[in-house]
*Asks:* 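The structure is given below, and queries will be raised subsequently.
The chain is numbered in sequence order, starting from 1. These numbers come from a predicted model, not from an experiment.
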Amino acid sequence: MTMLTNFRGLVLGTLCAFGATAGLAQDLKPVSVATSTTGMLYLPIYVADTMGYFEDEGLKVTTQTMKSSAIMAAVIGGDVDIYPGTPSAGLRAASQGTDIRIFGTLLDQYASNMVITGEKAKELGLTADSTLDERIAALKGLTIAVTGAGSGTHQLALYLLKRGGMNPDRDATIMFIGGSREILAAFENDRIDGFILSNPTSDTAVMDMDGFLMFDMVNGAIEELNGYPYITLDAREAWLKEDPARATAFVTAIAKAQQAIRDPERGHEVRDKVYAAHLEQFDKKLFDAAWDNMALAYPETPVITEAMLNKAIDYLNDFSEEKYDASLAREALAGEYTADIAAN
């Protein structure tokens, strides 16, 4: 056999292999996801992408960031398939007669922490041993930054102030500042007393800016909020029913990701791969600390239940002017897509 024949055989084999790979790629079902920021709240999505779990389930998932106020409209209009957001977004949309349904959860822990400046903590006499009641009472008169009106960070500020018997409009100043970069700049320049936001932003303030961790929500600072479905998966019922196997494949990949995050043996290997692929904008030391702080805050599965949505409704009704009926939990829930995961 000549060298030319060998070369032709090699080219032919390469082309066949490329054709098979291209065909496989074409067979992947496209799914689009939009988030309001890039960060730890959406970690299972980044893990499922980086580790190939989406492709293993036959999906090609693309992600983009948009203003939170625009994402639900994009999902309702069919421009985006899935919105991972706070349960209030899905519940509100469902209560308004849209066909938005909640079919899974990324996080079942209220994962926005509160940090105040070290100087303010000293002024208020707060220490690591301060009780929950002492911390809540110390909120009076503070200027607290949150990401935006109606956000999970804003909701927590309202909840804590009302729990302490305070009027959020009179007894504290809540500032809508935006994302982590803007909030940290305001914190560093003493424009605010504190802020509410998830890791690694809260870690940055504590480790690099002499911040005081006021409420460590990730580790259960507010006991009644443990098990709260903080980030749920929302989609149109029409999209879910159009291809139920596609929705099931998505939550199956998320379940694999959640288990990988919690795995003590390979969690750090997964962490480093995800950091390189999606989250290099964060300081590596801070990202590693955030991963370790949050790893067990992610549930073992993305299963969402009526009881979990009822917990969200009870929480929202504590401080929101817009009240939700308990029946909404059943109406908004599309739990059938995680049924096989729950059974296993």
*Asks:* Got a sec, which pairs hit salt bridge (charged side-chain N to carboxylate O under 4.0 Å, His left out) with one end in residues 163-188, sequence neighbours left out?
*Replies:* Arg163-Glu224
*Asks:* Could you work out, with side chain to side chain contact (heavy atoms under 4.5 Å, CB included) as the rule, every residue matching Leu333, not counting sequence neighbours?
*Replies:* Ile304, Glu306, Leu309
*Asks:* Return the set of residues passing salt bridge (Lys or Arg N to Asp or Glu O under 4.0 Å) with Asp243 (not counting sequence neighbours), or none when no residue passes.
*Replies:* Lys29
*Asks:* How close do Tyr83 and Ala34 get, heavy atom to heavy atom, and via which atoms?
*Replies:* CD1-O, 3.7 Å
*Asks:* Classify the ring geometry of Tyr110 against Tyr228: parallel below 30°, tilted from 30° to 60°, perpendicular beyond 60°.
*Replies:* tilted
*Asks:* List for me each residue that meets salt bridge (Lys or Arg N to Asp or Glu O under 4.0 Å) alongside Lys122, sequence neighbours excluded, and say none if there are none.
*Replies:* none
*Asks:* My understanding is that only one of Val80, Thr35, Ile71 makes a side chain to side chain contact (heavy atoms under 4.5 Å, CB included) with Gln64; could you say which?
*Replies:* Val80
*Asks:* Is the backbone of Asn199 close enough, under 3.5 Å, to the side chain of Asp203 for a donor and an acceptor to pair up by distance?
*Replies:* no
*Asks:* Looking at Glu134, I want to see if its CD is surrounded by more than 12 non-hydrogen atoms of other residues, nucleotides or ligands under 6.0 Å.
*Replies:* yes
*Asks:* Quick one: list whatever passes salt bridge (Lys or Arg N to Asp or Glu O under 4.0 Å) with Lys162, sequence neighbours left out.
*Replies:* none
*Asks:* So, Asp27 side chain and Gly58 main chain: donor-acceptor pair closer than 3.5 Å or not?
*Replies:* no
*Asks:* Once side chain to side chain contact (heavy atoms under 4.5 Å, CB included) is applied, do any residues pair with Ala307, and if so which ones, sequence neighbours excluded?
*Replies:* Thr305
*Asks:* Could you verify whether a donor N or O on one side chain and an acceptor N or O on the other, from Asp288 and His268, lie under 3.5 Å apart?
*Replies:* no
*Asks:* Might you point out which heavy atoms bring Gly164 and Ile136 nearest each other, and give the distance in Å?
*Replies:* CA-CG2, 3.5 Å
*Asks:* Indicate yes or no for a side-chain donor-acceptor contact from Thr105 to the backbone of Ile231 under 3.5 Å, with no hydrogens or angles considered.
*Replies:* yes
*Asks:* Only distances under 3.5 Å count here; give the side-chain donor-acceptor pairs of residues 37-47 to other protein atoms, sequence neighbours excluded, each with its distance to 0.1 Å.
*Replies:*
residue : atom : partner : partner atom : Å
Tyr42   : OH   : Ser36   : OG           : 3.2
Tyr46   : OH   : Gly39   : N            : 3.4

*Asks:* May I ask you to check whether Gln155 and Thr86 show a side-chain donor-acceptor distance below 3.5 Å?
*Replies:* no
*Asks:* Check each of Trp291, Phe287, Phe282 against Tyr275 using the ring-ring contact (aromatic ring centres under 6.0 Å, His included) test, and report the only one that passes.
*Replies:* Phe287
*Asks:* If a pair satisfies salt bridge (charged side-chain N to carboxylate O under 4.0 Å, His left out) and one of its residues is in residues 71-99, list it, with sequence neighbours excluded.
*Replies:* Arg92-Glu322
*Asks:* Might you point out which heavy atoms bring Leu126 and Ile116 nearest each other, and give the distance in Å?
*Replies:* CD1-CD1, 3.9 Å
*Asks:* Using salt bridge (Lys or Arg N to Asp or Glu O under 4.0 Å) as the criterion, list what pairs up with Glu123, not counting sequence neighbours.
*Replies:* Lys120
*Asks:* Keeping to residues at least two apart or across chains, list the salt bridge (charged side-chain N to carboxylate O under 4.0 Å, His left out) pairs with something in residues 36-56.
*Replies:* none
*Asks:* Take Leu233 and Val33 through the side chain to side chain contact (heavy atoms under 4.5 Å, CB included) test and state the conclusion after the steps.
*Replies:* CA-CA 10 Å; Leu233 298 172; Val33 179; over 6 Å; no
*Asks:* Determine which pairs satisfy salt bridge (charged side-chain N to carboxylate O under 4.0 Å, His left out) with at least one residue from residues 100-114, sequence neighbours left out, and list them in order.
*Replies:* Arg101-Glu237
*Asks:* Main chain of Lys273, side chain of Thr50: is a donor-acceptor contact present, judged purely on distance under 3.5 Å?
*Replies:* no
*Asks:* Output the rest of the hydrophobic cluster of Leu286: all Ile, Leu, Val, Met, Phe, Trp and Tyr residues reachable through side-chain heavy-atom contacts under 4.5 Å, sorted by chain and number.
*Replies:* Met207
